Amino acid sequence: MLENWGDHDVDVDGTRIHATVSGDGPPLLLLHGYPQTHVMWHRVAPGLVDRHTVVLADLRGYGDSSRPASTADHASYSKRAMATDQVGLMHELGFDTFSVVGHDRGARVAHRLCLDHPGAVSRVALLDIVPTRHVFTHVDRALAQTYYHWFFLSQEADLPEHLIGADPDYFLRRKLDQWSGSRGSAAFAPEAVEEYVRCFRDPEVIRATCEDYRAAASIDLEHDEVDAVAGRRVECPALVLWGAEGFVGRAYDVLEVWRAYATDVRGQALGGGHFLVEEEPGATLTALRDFLTAPAVDHG
């Protein structure tokens, strides 16, 4: 699906991060969400390679990256650890400063990357999320019903692993269908879904992705609270995009929420549901190209 892209497997402090690279120009890192892999960018990434060196990476625990062992405090799947992976990957590829676009879990990693490594990120785009801390501090019935998987996947091992592992194909396909807009599963390229399923069938991927959510409900919140108390925010220009048919747009004033976490935010709703890149690739690509190439504004 990504013909003529170059595959890389980079060791970052003992964790293998898989990525594929193409293009020429300023570096741009794209990070996928749950339950997907870097392949989710297949409709958008080719439209960015004329202006950027585009790096599509698998997060630790996902795709063809390593699945580190679980730890009692879930630190091995914290967004801090995942962000450090990506900084190491980009450094090994020759890039110490770059732009980042993240969707879903990848956007949460991108958020942490901006906070922990502010000198590395020139611009960030965050697709269809509000910050983890805001989600957990504003739980209501609608959130619990729609985001039930946050609470299910974060249960103590190995309950969610065992239940998902009974039929991982069904679980993954059902999630894609539930979280997308009115087109449902018809929005996805069958060969992309097959790639997601290939990886998700691995019991170690199921374990690792549950650990991602366990970290979100524990150590990630601890890190987020330290930043909130310190008044630390995303300082680089930030673009926020969300699906008009999705829960994020219905439940939150997205830009207002992000303005409490970032100093320079702009954004808009696009069509479709949660999976903007695959449901609305044209509109997503246009918004990203405009943002990534716009002149920097001096707010000093």
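Model, not experiment: these values are computed from the prediction.
- For the residue pair Ser22 and Asn4, the shortest heavy atom distance occurs at OG-O, 4.3 Å.
- Looking only at side-chain heavy atoms (C-beta outward), Val135 and Tyr252 come within less than 4.5 Å of each other.
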Discussion item. What verdict does the salt bridge (Lys or Arg N to Asp or Glu O under 4.0 Å) test give for Asp212 and Lys79, after you've listed the backbone C-alpha separation in whole Å, the side-chain angles of each residue and the deciding distance to 0.1 Å?
Written reply: CA-CA 8 Å; Asp212 175 7; Lys79 304 312 158 291; 2.9 Å; yes
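- For Thr53 and Asp24, the side-chain atoms include no donor-acceptor pair closer than 3.5 Å.
- A salt bridge links Glu194 to Arg173: one of the charged nitrogens lies within less than 4.0 Å of a carboxylate oxygen.
- Judged by distance alone, the side chain of Ser65 and the main-chain N or O of Gly61 form no donor-acceptor pair under 3.5 Å.
- Of the possible polar contacts, none joining the Thr146 side chain to the Leu143 backbone as a donor-acceptor pair under 3.5 Å is found.
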Dump the intermediate steps for side-chain contact (heavy atoms from CB on, under 4.5 Å) on Leu31 and Tyr62, then the final yes or no. CA-CA 11 Å; Leu31 300 175; Tyr62 290 79; over 6 Å; no
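- Shown here for Ala110 and Val100, the closest heavy-atom pair between the two residues is CB-CG1, 3.7 Å.
- Between atom CG of residue Leu113 and atom OG1 of residue Thr84 there is a gap of 8.0 Å, rounded to the nearest 0.5 Å.
- The CG atom of Leu288 sits 12.0 Å away from the CZ atom of Arg123 when rounded to the nearest 0.5 Å.
- In terms of heavy-atom proximity, Ala45 sits nearest to Leu56 at CB-CD2, 4.0 Å.
- Residue Val124 comes nearest to Cys236 through the heavy atom pair CG1-SG, 3.8 Å, listed as atom of the first residue, atom of the second, then distance.
- Residue pairs meeting the ring-ring contact (aromatic ring centres under 6.0 Å, His included) criterion with at least one member in residues 165-209, sequence neighbours excluded, are His149-Trp179, Phe188-Phe275.
- Using a 4.0 Å cut-off between charged nitrogen and carboxylate oxygen, Asp224 and Arg112 count as a salt-bridge pair.
- Of all the heavy atoms in Cys114 and Val121, the pair that sits closest is SG-CG1, 3.8 Å.
- Put simply, the residue from His18, Arg198, His38 that forms a side chain to side chain donor-acceptor pair (under 3.5 Å) with Asp64 is Arg198.
- For the pair Leu176 and Ser185, the minimum side-chain heavy-atom distance is 4.5 Å or more.
- With sequence neighbours excluded, no residue satisfies side chain to side chain donor-acceptor pair (under 3.5 Å) with Gln155.
- Taking CG of Asp128 as the reference point, atom CD of Glu279 lies at 9.0 Å (rounded to 0.5 Å).
- In this structure the side chain of His74 reaches within 4.5 angstrom of the side chain of Ser218, judged on heavy atoms.
- At distances below 3.5 Å, at least one donor-acceptor pair connects side-chain atoms of Ser66 with backbone N or O atoms of Arg16.
- For the side chain to side chain donor-acceptor pair (under 3.5 Å) test with Gln36, the passing option among Glu278, Glu195, Lys175 is Glu278; the others fail.
- Put simply, the side chain of Asp227 never gets that close to the backbone of Arg232: no donor and acceptor are under 3.5 Å apart.
- Using modelled atom types, one finds a donor on one side chain and an acceptor on the other under 3.5 Å when comparing Arg133 with Tyr261.
- Note that the CG atom of Asp85 and the CZ atom of Arg80 stand 13.5 Å from one another [nearest 0.5 Å].
- Using a distance-only test at 3.5 Å, with no hydrogens or angles considered, no donor-acceptor pair links the side chain of Arg67 to the main chain of Arg60.
- A 4.5 Å side-chain heavy-atom check between Leu48 and Leu30 finds at least one atom pair inside the cut-off.
- Neither Phe151 nor Ile219 shares a network with the other; the hydrophobic side chains, linked directly or stepwise wherever heavy atoms of I, L, V, M, F, W or Y lie under 4.5 Å apart, form separate groups for each.
- Nearest heavy-atom pair, Leu221 versus Ala216, reported as atom, atom and distance to 0.1 Å: CG-O, 3.4 Å.
- Proximity of a side-chain donor or acceptor of Arg108 to a complementary backbone N or O of Val130 within less than 3.5 Å is detected.
- At least one side-chain heavy atom of Leu59 sits under 4.5 Å from a side-chain heavy atom of Gln86.
- In Glu156, the CD atom is not crowded: 12 or fewer heavy atoms of neighbouring residues, nucleotides or ligands sit closer than 6.0 Å.
- Under the side chain to side chain donor-acceptor pair (under 3.5 Å) criterion, His91 pairs with Asp96, sequence neighbours left out.
- Linking ILVMFWY residues whenever their side-chain heavy atoms come closer than 4.5 Å, directly or via other members, places Leu153 and Val139 in the same cluster.
- Aromatic ring centres of His42 and Trp5: separated by at least 6.0 Å.
- Atom SG of Cys210 sits about 4.5 Å away from atom CD1 of Ile164, to the nearest 0.5 Å.
- Using a cutoff of 4.0 Å between basic side-chain nitrogens and carboxylate oxygens, Asp158 and Arg207 are not scored as salt-bridged.
- A 4.5 Å side-chain heavy-atom check between Pro237 and Phe291 finds at least one atom pair inside the cut-off.
- Of the possible polar contacts, one joining the Tyr77 side chain to the Pro68 backbone as a donor-acceptor pair under 3.5 Å is found.
- A donor-acceptor pair is defined here as one N or O able to donate and one able to accept, closer than 3.5 Å; no such pair exists between the side chain of Glu211 and the backbone of Ser76.
- Residues Leu239 and Arg266 meet the side-chain proximity criterion, which asks for heavy atoms closer than 4.5 Å.
- Annotation: the span from Asp104 atom CG to Leu127 atom CG amounts to 10.0 Å, rounded to 0.5 Å.
- By the 4.0 Å N-to-carboxylate-O rule, Arg259 lies too far from Asp253 to be salt-bridged with it.
- Val229 is not connected to Leu115 by any chain of hydrophobic side-chain contacts under 4.5 Å among Ile, Leu, Val, Met, Phe, Trp and Tyr, and they are in different clusters.
- Tracing side-chain contacts under 4.5 Å through hydrophobic residues (I, L, V, M, F, W, Y), one never reaches Val109 starting from Val226; they form parts of separate clusters.
- Trp41 places a side-chain heavy atom less than 4.5 Å from the side chain of His32.
- The closest donor-acceptor contact from the side chain of Thr284 to the backbone of Pro281 lies at 3.5 Å or more, if one exists at all.
- Other residues, nucleotides and ligands place no more than 12 heavy atoms under 6.0 Å from the CG atom of Asp13.
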